[in-house]
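Structure record follows, encoded as structure tokens.
So that the names make sense, note that chain A is the first sequence line, chain B the second, and so on, each numbered from 1.
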Number of protein chains: 2
Amino acid sequence: MATIKEVAKLAGVSVATVSRVLNDSGYVGAESRKKVEQAIEELEFYPNEVARSLFQKKSKLIGLLLPDIANPFFPLLAKGAEDAVNQLGYSLILGNVQDDVEKEEEYLKIFEQNNIAGVLSAVQGSSKRLKNIPLVNLDRVESFEQYAVHTNDYQGGMLAAQAMADRDPKQVVIMVGPKEVPGSFERLAGSIQIFKERDIAYHLFQTTSFRLEDTDETVELFFKEHPNADSVVASNDVYALAIMREAVKRGINIPDELQIIGYDDMPFSRLTYPGLSTIAQPAYEIGYKGAQLLCNCIENKPVKTKRIQLPVELVLRESLREKVEHE
Amino acid sequence: MATIKEVAKLAGVSVATVSRVLNDSGYVGAESRKKVEQAIEELEFYPNEVARSLFQKKSKLIGLLLPDIANPFFPLLAKGAEDAVNQLGYSLILGNVQDDVEKEEEYLKIFEQNNIAGVLSAVQGSSKRLKNIPLVNLDRVESFEQYAVHTNDYQGGMLAAQAMADRDPKQVVIMVGPKEVPGSFERLAGSIQIFKERDIAYHLFQTTSFRLEDTDETVELFFKEHPNADSVVASNDVYALAIMREAVKRGINIPDELQIIGYDDMPFSRLTYPGLSTIAQPAYEIGYKGAQLLCNCIENKPVKTKRIQLPVELVLRESLREKVEHE
DNA sequence: TTGAAAGCGATACCAG
DNA sequence: CTGGTATCGCTTTCAA
């Protein structure tokens with residue numbers, strides 16, 4: 001890899017001049033510019049970002065903190081972030097935290113050691129360590145966080161409950177997401193409001209994780225506790241699918257005997273039959289907009305909205321019964 | 001963030017000494033060491049990796065090139081890579097290539113600009129640009145590539161066909177993966193060998209991508225071309241699930257009227273009912289072992305096996321009929 | 001309009 | 001054992 005020195009030599013100018021054309025900053029004569037450009041071409045030179053980063057105390061790298069990349073919600077978010085970041089000249093360092101606070105700390109440290117320009121975080125509490133590094137929180141957002149892209153969980157909870165309430169539910173069970181996950185509570189509150197309004201009774205079923213590995217156990221427990229459930233508002237698509245599978249296996253007809261609605265709209269939720277009705281979260285867009293927001297912060301561009309809220313949307317597939325019109 | 005200079009000052013020694021205790025290289029007196037350690041603690045100092053990288057011309061970053069992170073096979077692979085890499089003191093820069101050659105080139109350049117220590121690549125042809133940077137190919141491996149972790153596609157193709165052949169197939173259709181994807185051919189060859197041996201007729205159905213977005217179209221085409229298929233050897237789980245969904249939707253009983261086997265064993269393949277029988281590829285392990293191999297290359301440690309082949313495994317779920325014992 | 005030179009934060013050689 | 005110093009590749013004053 002050629003260096004700026006070699007370019008300077010070949011072009012017969014100083015490194016300062018080369019640097020100037022590279023960043024087109026300051027004055028540089030037409031003559032010199034041309035010679036430098038030729039030299040750059042000839043040597044296939046491209047600047048070393050490490051040296052730049054050392055000087056600037058700021059790299060072109062952005063840290064991406066994910067709770068669990070195996071959870072299919074996050075790859076999509078990552079893809080969105082990646083697309084945006086790339087268009088803006090940055091790259092992502094991946095931090096897969098596995099819901100482990102120590103790993104998070106570790107990553108934040110690594111990020112700092114690498115002069116990271118900013119952090120995109122879909123895990124809670126990253127704001128503690130970071131001092132002067134821009135941070136945008138994604139998806140799981142606490143109310144005190146300054147920059148964030150998230151969805152309206154309350155509305156999501158309402159939408160799910162509404163869809164259910166419209167379909168003549170007998171025995172409603174609401175699955176409640178882990179307490180640590182911001183948004184779980186909001187969703188629940190939204191759902192409860194609807195059921196209260198409609199005067200529909202419901203049971204709660206608390207889940208303690210969103211991890212794929214824990215589904216079997218959770219589903220078993222679910223059917224033990226609620227053998228007569230006929231309408232389930234699930235905390236996410238993974239659990240919804242898992243419950244559907246178990247139901248079909250037991251010969252319970254979906255949606256006639258058991259109707260269910262998920263949350264997230266993962267790519268797979270439409271690959272089953274009956275297809276899973278669900279509340280679609282724009283995972284890709286969360287990542288994309290979050291990355292844009294972060295880059296604006298990094299570059300001190302004016303930011304209109306510090307907290308972006310994206311809409312969620314009801315997606316109807318076959319796991320819900322026909323809507324019953326009440327007079 | 002404190003620097004080595006400040007540590008040196010506080011400890012009353014030179015930066016050289018601080019550097020020595022940091023890397024414990026060379027001699028350093030007990031007295032000095034202690035003072036330095038105290039200073040480090042007091043200032044909460046940790047070395048700037050960028051400066052290190054500039055000097056060493058080699059960072060602690062590893063590039064990970066993925067064809068499409070939204071394809072659920074790859075997050076698992078990434079997770080494996082991430083786990084291994086992290087244990088060994090490295091971090092990952094994510095490169096999501098979207099099956100686009102230009103983006104790949106672009107990433108390879110960015111990697112170089114960042115003094116990347118090595119590259120893990122699940123896309124084809126990365127070896128061209130890289131000069132002196134260690135490269136380990138993952139999963140989609142060409143025969144000429146030096147370092148690689150992959151599975152035995154031929155065996156996989158055989159296993160799938162065998163499972164099918166054992167189950168009294170009437171109208172067999174083999175879905176053939178994209179020609180550009182190394183392994184597609186091998187799998188096909190493996191399957192064909194079995195069907196030939198058993199004297200079972202089969203049809204071929206060519207697919208042109210592995211992308212999630214293209215399933216609907218492909219499935220439609222599939223049913224148009226092969227309305228009477230009763231046994232499908234699918235090129236991956238996504239297509240298998242998509243075909244299953246369409247079949248169930250059409251009232252075709254799985255597995256009695258249509259049996260099907262997938263390839264990959266994605267996390268979701270067990271969340272449907274009937275569950276998808278499939279050939280399990282150890283995605284996590286491919287990433288994990290690949291990362292270990294790469295780190296060994298990077299650190300010039302002796303490498304026993306340059307090309308690691310991991311076994312695939314038949315996973316039986318409900319999408320295949322009962323095995324028929326022939327006398 | 002240009003170049004010389006001083007850093008950015010760490011490492012490693014060489015002399016003492 | 002320890003410290004001074006050149007160096008990594010680039011950016012940015014400051015003078016000329």
Side-chain angles (χ1 to χ4, degrees), chain A residues 1-37 39-40 43-61 89 109-117 132 299, chain B residues 1-37 39-40 43-61 89 109-117 132 299:
Chain A
M1 215 171 104
T3 74
I4 202 177
K5 242 183 184 162
E6 306 177 49
V7 174
K9 197 155 142 201
L10 182 60
V13 299
S14 75
V15 295
T17 301
V18 178
S19 177
R20 279 187 207 109
V21 348
L22 244 37
N23 306 286
D24 45 19
S25 58
Y27 297 95
V28 40
E31 191 76 343
S32 302
R33 160 161 281 127
K34 206 162 145 195
K35 284 189 293 180
V36 169
E37 280 166 352
I40 288 179
L43 296 170
E44 298 185 50
F45 167 85
Y46 40 98
N48 182 320
E49 282 298 336
V50 176
R52 276 190 168 165
S53 162
L54 180 59
F55 186 90
Q56 319 264 27
K57 297 165 176 297
K58 189 202 264 190
S59 71
K60 285 293 195 181
L61 299 172
K109 180 172 163 189
I110 292 175
F111 289 170
E112 283 193 80
Q113 291 183 292
N114 284 282
N115 286 178
I116 221 88
N132 297 308
E299 293 163 8
Chain B
M1 214 172 103
T3 73
I4 200 175
K5 245 181 183 162
E6 307 177 49
V7 175
K9 197 154 141 201
L10 183 60
V13 299
S14 75
V15 294
T17 302
V18 177
S19 178
R20 278 184 210 108
V21 348
L22 244 37
N23 307 286
D24 45 18
S25 56
Y27 298 94
V28 40
E31 191 75 343
S32 302
R33 159 160 282 127
K34 205 162 147 194
K35 283 188 295 178
V36 170
E37 280 166 352
I40 288 179
L43 295 169
E44 298 186 51
F45 166 85
Y46 40 99
N48 182 322
E49 282 299 335
V50 175
R52 276 189 168 166
S53 162
L54 180 59
F55 186 89
Q56 318 266 25
K57 296 161 175 298
K58 190 202 266 188
S59 71
K60 285 294 196 180
L61 299 172
K109 182 174 163 188
I110 292 175
F111 289 171
E112 283 192 78
Q113 291 183 291
N114 284 283
N115 287 177
I116 221 87
N132 297 308
E299 293 163 9

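- Looking only at distances, no side-chain donor or acceptor of B/Ser59 sits under 3.5 Å from a matching main-chain atom of B/Ser53.
- Straight-line distance from the CG atom of B/Leu22 to the P atom of D/dG3: 15 Å, rounded to whole Å.
- Note on A/Arg52: every side-chain N or O is 4.0 Å or more away from OP1 and OP2 of D/dC10.
- Across all strands, A/Thr17 comes closer than 4.0 Å only to sugar-phosphate atoms, never to a base (heavy-atom distances).
- Taking atom NZ on A/Lys35 and atom P on C/dT1, their separation rounds to 14 Å, with Å as the unit.
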Requested in this report: Starting from the C-alpha separation in whole Å, work towards a yes-or-no answer on salt bridge (Lys or Arg N to Asp or Glu O under 4.0 Å) for A/Lys109 and A/Glu112.
Outcome: CA-CA 5 Å; A/Lys109 180 172 163 189; A/Glu112 283 193 80; over 6 Å; no
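- Residue contacts for B/Ser25: at a heavy-atom cut-off of 4.0 Å it reaches no nucleic acid atom on any strand shown.
- The side chain of B/Ser32 contributes an N or O atom lying less than 4.0 Å from OP1 or OP2 of D/dT2.
- Residue B/Lys5 contributes atom NZ, which lies 16 Å from atom P of D/dG3 at whole-angstrom precision.
- Nearest heavy-atom pair across A/Val7 and A/Val36 is CG1-O, 4.3 Å.
- Atoms OH (B/Tyr27) and C1' (C/dC14) sit 15 Å apart, rounded to a whole Å.
- Atom-to-atom, CZ of B/Arg33 to C1' of D/dC1 comes out at 11 Å; the value is rounded to the nearest Å.
- Checking the phosphate oxygens (OP1, OP2) of D/dG9, no side-chain nitrogen or oxygen of A/Thr3 falls inside 4.0 Å.
- Within the structure, every side-chain polar atom (N or O) of B/Lys58 is placed at least 4.0 Å from both OP1 and OP2 of D/dC8.
- Expressed to the nearest 0.5 Å, how far CZ of A/Arg33 lies from CG of A/Asp24 amounts to 6.0 Å.
- Formation of a donor-acceptor pair under 3.5 Å by the B/Asn23 side chain with backbone atoms of B/Ser25 is not found in this model.
- Backbone-only engagement by B/Val13 is indicated by non-hydrogen atom pairs under 4.0 Å involving sugar-phosphate atoms exclusively.
- Between B/Ala30 and A/Phe55, it is B/Ala30 whose nearest contact on DNA chain D lies nearer the 5' terminus.
- Proximity note for A/Ile4 (side chain, C-beta onward) versus D/dG3, D/dC10, C/dT11: the nearest is D/dC10.
- For B/Asn115 and C/dG9, the CG to C1' distance is 14 Å, given to the nearest whole Å.
- Toward the 5' end of DNA chain C, the nearer of the two residues B/Phe45 and A/Arg20, judged by each one's closest nucleotide, is A/Arg20.
- Phosphate contact (OP1/OP2 of C/dT11, side-chain N/O of B/Asn23, threshold under 4.0 Å): present.
- Between B/Lys57 and the phosphate of D/dG9, there is a side-chain N or O to OP1/OP2 separation shorter than 4.0 Å.
- Between A/Gln113 and the phosphate of C/dA10, there is no side-chain N or O to OP1/OP2 separation shorter than 4.0 Å.
- A donor-acceptor pair is defined here as one N or O able to donate and one able to accept, closer than 3.5 Å; no such pair exists between the side chain of A/Glu37 and the backbone of A/Lys34.
- For B/Gln56, the side-chain atoms get nearest to C/dA12 when compared with the rest of C/dA12, D/dT2, D/dT12.
- Residue B/Glu31 is the one, among B/Glu31 and A/Pro47, whose nearest nucleotide of DNA chain D lies closer to the 5' end (criterion: closest heavy atom).
- When heavy atoms are screened at a 4.0 angstrom cut-off, B/Glu49 is found touching no nucleic acid atom at all.
- One can place CG of A/Leu54 at 14 Å from P of D/dC8, the figure rounded to the nearest angstrom.
- Protein atom CG of B/Asn114 is 15 Å distant from nucleotide atom P of D/dG9, rounded to whole Å.
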